[in-house]
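Structure record follows, encoded as structure tokens.
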Amino acid sequence: MMQYWLMKSEPDAFAINDLYSRPNQTEHWDGVRNYQARNMMRDAMKLGDQVFFYHSNCDEPGIVGIMEVVREGYPDFLAFDLNDQHFDSKSDPARPRWMMVDVKYVKTLARTITLKELKQKAELADFALIRPGNRLSILPVSKKQWDFILSLE
DNA sequence: GCCAACGTTGGC
DNA sequence: GCCAACGTTGGC
């Protein structure tokens with residue numbers, strides 16, 4: 001059964017246009033160093049799942065596009081790379097601590113659906129993104145929420 | 001296992 | 001740049 005997600009990225013570091021210009025418009029979602037988010041990538045995200053691309057920590061935080069899971073959870077090899085800022089000495093290839101998935105660009109929304117706007121919708125009162133203090137970088141989205149958000153485009 | 005200190009996220 | 005929320009670490 002198809003599932004829906006939202007993944008955050010700071011556009012200064014990796015924006016939807018960066019995904020668009022990657023070979024095959026595909027990239028691995030590296031750098032997640034939070035166990036809850038890790039568990040979702042390791043256990044729950046499946047091939048074909050649809051994902052909102054969310055720009056965080058920027059002038060206009062919001063949902064900017066859609067991507068698709070094209071490879072299920074596998075070790076985040078950047079955690080093994082001493083020279084990478086995501087290096088983690090507690091993760092090694094024999095016992096990888098951090099996981100990632102590969103995502104492929106699907107589309108850019110006609111406009112950014114802003115956090116501000118999402119907060120104002122009674123239909124999204126239960127949406128994890130707009131609950132106070134939710135800093136998880138990967139969130140589940142229900143089909144109902146997904147369809148409603150897309151109807152705003 | 002508790003909890004204080006500390007670090008990070010991310011909106012504003 | 002501020003700060004609230006909250007995850008992680010480490011002493012005990």
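Note on naming: letters A, B, ... go to the chains in the order of the sequence lines (proteins, then strands), and numbering restarts at 1 for each one. What you see below is based on every heavy atom in this structure, not just the backbone, and it leaves out hydrogens, waters and symmetry mates.
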Task: Given dG11(B), dG10(B), dT9(C), the nucleotide with the shortest approach to the side chain of Lys90(A) - done: dT9(C)
Open item on the list: Can you tell whether the side chains of Arg33(A) and Asp76(A) come within less than 4.0 Å, N to carboxylate O?
Closed with: yes
- [ ] Rounded to the nearest angstrom, tell me the gap between atom CG in Asp12(A) and atom C1' in dT9(B).
- [x] 15 Å
Open item on the list: Can you confirm if the aromatic rings of Tyr35(A) and Trp98(A) lie within a centre distance of less than 6.0 Å?
Closed with: yes
- [ ] Write down the distance between CG (Leu6(A)) and C1' (dG10(B)), rounded to a whole number of angstrom.
- [x] 13 Å
TODO: Figure out the CD1/P separation between Ile130(A) and dA5(C), and round it to whole Å.
DONE: 17 Å
Open item on the list: Please compare Asn57(A) and Asn134(A) by the position of their nearest nucleotide in DNA chain C and report the one closer to 5'.
Closed with: Asn57(A)
Open item on the list: Nearest whole Å is fine: how far is dG11(B) P from Leu118(A) CG?
Closed with: 11 Å
TODO: Would you mind reading off the distance between Lys116(A) atom NZ and dG10(B) atom C1', rounded to a whole angstrom?
DONE: 17 Å
- [ ] Round to the nearest Å and state the distance from Tyr54(A) atom OH to dG11(B) atom P.
- [x] 4 Å
Open item on the list: Can you identify which nucleotide, out of dG7(B), dG11(B), dT8(C), has its nearest atom closest to the Arg135(A) side chain?
Closed with: dG7(B)
Task: Gap separating the CZ atom of Arg111(A) from the CD atom of Glu60(A), nearest 0.5 angstrom - done: 9.0 Å
TODO: Please report, rounded to the nearest Å, how far the C1' atom of dT9(C) is from the CZ atom of Arg97(A).
DONE: 11 Å
TODO: Using a cut-off of strictly less than 4.0 Å, decide whether Lys8(A) has a side-chain nitrogen or oxygen near OP1 or OP2 of dT9(B).
DONE: no
TODO: Could you tell me whether the side chain of Met45(A) reaches within less than 4.5 Å of the side chain of Met7(A), counting heavy atoms only?
DONE: yes
Task: Protein-nucleotide distance (Arg131(A), atom CZ; dG11(B), atom P), rounded to Å - done: 16 Å
